[in-house]
Chemist: 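The structure follows.
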Amino acid sequence: MKEHLPNADIVYDKFHIIANYNDVIDQIRRREWRQAEAEDKPFIKGQRFNLFRNPENLTPKRKSNLKELLAMNEDLNQAYILKDMLKQLWTYTYKACASKCLDNWIALAKETGIAELKKFAKGLDKAREGLLSYCQHRITSAKIEAFNGVIKRIIYKACGYNDLDYLYLKIRQEALK
């Protein structure tokens, strides 16, 4: 991409980084599930989406289940805490402050000794410029992602249009709303 637009800054937004981090948490959860005793396996397996959701979106029952899971598993607890810390990166407006926050997060992730977190931290360090560019540009791909969802719904409802011009017309109609 840089070869086509050499002066453009790459910006990594919060949504995609946290989605990738959720994959890391899921890898840790699956590893812990494989190592768990038979009676704990169903409980760990049922907690996947509780680990992904924001705490304010959890029901009281799910909150207590998540609290119990984090209390019984140190690796998942550390990964979950680091997730909240990583979200703070997108609150900074100055690159130097965000860089310091990123350095601290990477150091903490490496100190945990969890292989999956170390690998993710290494990737964040490589993507440092794209992450820090968010401080300057403050753009996300949210509108594009939402419109892609609209297009998927149009195609699903249509069950396959035979006329592509009509499909383009329907997409344009949705875009103008």
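All residue numbers in this chain count up from 1 along the given sequence.
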Chemist: With rounding to the nearest 0.5 angstrom, report the NZ to CG distance, Lys95 to Leu131.
Modeler: 11.0 Å
Chemist: With hydrophobic residues grouped by side-chain heavy-atom distances under 4.5 Å, do Trp90 and Leu132 end up in a single group?
Modeler: no
Chemist: Please evaluate residues Ile17 and Leu124 with respect to the criterion side-chain contact (heavy atoms from CB on, under 4.5 Å), reporting the C-alpha separation (whole Å), side-chain torsions for both, the decisive distance (0.1 Å), and the verdict.
Modeler: CA-CA 9 Å; Ile17 298 298; Leu124 286 184; 4.0 Å; yes
Chemist: Between the side chains of Asp103 and Lys100, is the shortest nitrogen-to-carboxylate-oxygen separation below 4.0 Å, so that they form an ion pair?
Modeler: no
Chemist: So that I can tick it off, tell me whether Arg31 and Glu116 are bridged by a salt bridge, with the cut-off set at under 4.0 angstrom between side-chain N and carboxylate O.
Modeler: yes
Chemist: Please determine whether residues Leu66 and Ile18 belong to a single hydrophobic cluster, defined as Ile, Leu, Val, Met, Phe, Trp and Tyr linked transitively by side-chain heavy-atom distances below 4.5 Å.
Modeler: yes
Chemist: How about Trp105 and Tyr92: are their ring centres within less than 6.0 Å of each other?
Modeler: no
Chemist: Mind running side-chain contact (heavy atoms from CB on, under 4.5 Å) on Lys83 and Leu86 for me, showing each step along the way?
Modeler: CA-CA 5 Å; Lys83 179 181 174 181; Leu86 182 60; 5.7 Å; no
Chemist: Please report the interatomic distance NZ(Lys67) to OH(Tyr80), rounded to the nearest 0.5 Å.
Modeler: 10.5 Å
Chemist: Could you walk me through whether Asp84 and Gln88 satisfy the side-chain contact (heavy atoms from CB on, under 4.5 Å) test, starting with their C-alpha distance in whole Å, then the side-chain angles of each, then the deciding distance to 0.1 Å, before giving a yes or no?
Modeler: CA-CA 7 Å; Asp84 280 341; Gln88 295 301 310; over 6 Å; no
Chemist: Rounded to the nearest 0.5 Å, what's the gap from CD1 on Ile25 to CD on Glu32? Could you check?
Modeler: 12.5 Å
Chemist: Under 4.5 Å between side-chain heavy atoms, counting indirect links through other Ile/Leu/Val/Met/Phe/Trp/Tyr residues: same cluster for Leu117 and Met85 or not?
Modeler: yes
Chemist: Verify the cluster assignment for Phe15 and Ile139: are they in a single hydrophobic cluster under the rule of side-chain heavy atoms below 4.5 Å apart?
Modeler: no
Chemist: What pair of heavy atoms forms the shortest contact from Ile28 to Ala79, and how long is it?
Modeler: CD1-CB, 3.8 Å
Chemist: State the CG-CG distance between Asn57 and Asn50, to the nearest 0.5 angstrom.
Modeler: 11.0 Å
Chemist: Under 3.5 Å, side chain of Lys14 to main-chain N/O of Thr140, donor-acceptor pair present?
Modeler: no
Chemist: Mark yes or no for whether Thr59, through its side chain, and Arg62, through its backbone, hold a donor-acceptor pair below 3.5 Å.
Modeler: yes
Chemist: Write down the atom of Val11, the atom of His137, and the distance for their closest heavy-atom approach.
Modeler: CG2-CD2, 3.9 Å
Chemist: At their closest point, which heavy atom of Thr112 faces which heavy atom of Ala109, and how far apart are they?
Modeler: OG1-O, 2.6 Å
Chemist: Is there a side-chain contact between Ile144 and Asn148 (heavy atoms, below 4.5 Å)?
Modeler: yes
Chemist: Would you find more than 12 non-hydrogen atoms of other residues, nucleotides or ligands less than 6.0 Å from Phe147 atom CZ?
Modeler: yes
Chemist: Please find the pair of heavy atoms, one from Asp9 and one from Ser133, that lie closest to each other, and give the distance.
Modeler: CB-OG, 4.0 Å
Chemist: Can you tell me how far apart NZ (Lys118) and CD (Glu111) are? Round to the nearest 0.5 Å.
Modeler: 10.5 Å
Chemist: Using 0.5 Å steps for rounding, measure from the CD1 atom of Ile151 to the CG atom of Leu167.
Modeler: 8.5 Å
Chemist: Between Asp125 and Arg128, is the closest basic N to carboxylate O distance under 4.0 Å?
Modeler: yes
Chemist: If you count every heavy atom of other residues, nucleotides or ligands that lies below 6.0 Å from Phe43 atom CZ, does the total exceed 12?
Modeler: yes
Chemist: Ignoring hydrogens, what is the shortest heavy-atom contact between Pro42 and Ala38? Give both atom names and the distance.
Modeler: CD-O, 3.4 Å
Chemist: Inspect the surroundings of NZ in Lys87 and state if more than 12 heavy atoms from other residues, nucleotides or ligands are less than 6.0 Å away.
Modeler: yes
Chemist: Measuring only between side-chain heavy atoms, which start at C-beta, is Asp23 closer than 4.5 Å to Phe120?
Modeler: no
Chemist: If you count the non-hydrogen atoms of other residues, nucleotides and ligands that lie under 6.0 Å from NZ in Lys119, is the total more than 12?
Modeler: no
Chemist: Between Asp163 and Asp165 (side chain of the first, backbone of the second, donor and acceptor by atom type, cut-off under 3.5 Å), is there such a pair?
Modeler: yes
Chemist: Does the side-chain contact (heavy atoms from CB on, under 4.5 Å) test come out yes or no for Arg29 and Leu76, once each step is laid out?
Modeler: CA-CA 7 Å; Arg29 183 192 60 83; Leu76 281 174; 4.0 Å; yes
Chemist: Can you hop from Ile81 to Ile44 via hydrophobic side chains spaced under 4.5 Å?
Modeler: yes
Chemist: Kindly check if the number of other-residue, nucleotide or ligand heavy atoms within 6.0 Å of CD (Glu37) is above 12?
Modeler: no
Chemist: With a 4.5 Å cut-off on side-chain heavy atoms, are Phe52 and Asp26 touching?
Modeler: yes
Chemist: Should we count CD of Glu74 as having more than 12 external heavy atoms under 6.0 Å?
Modeler: no
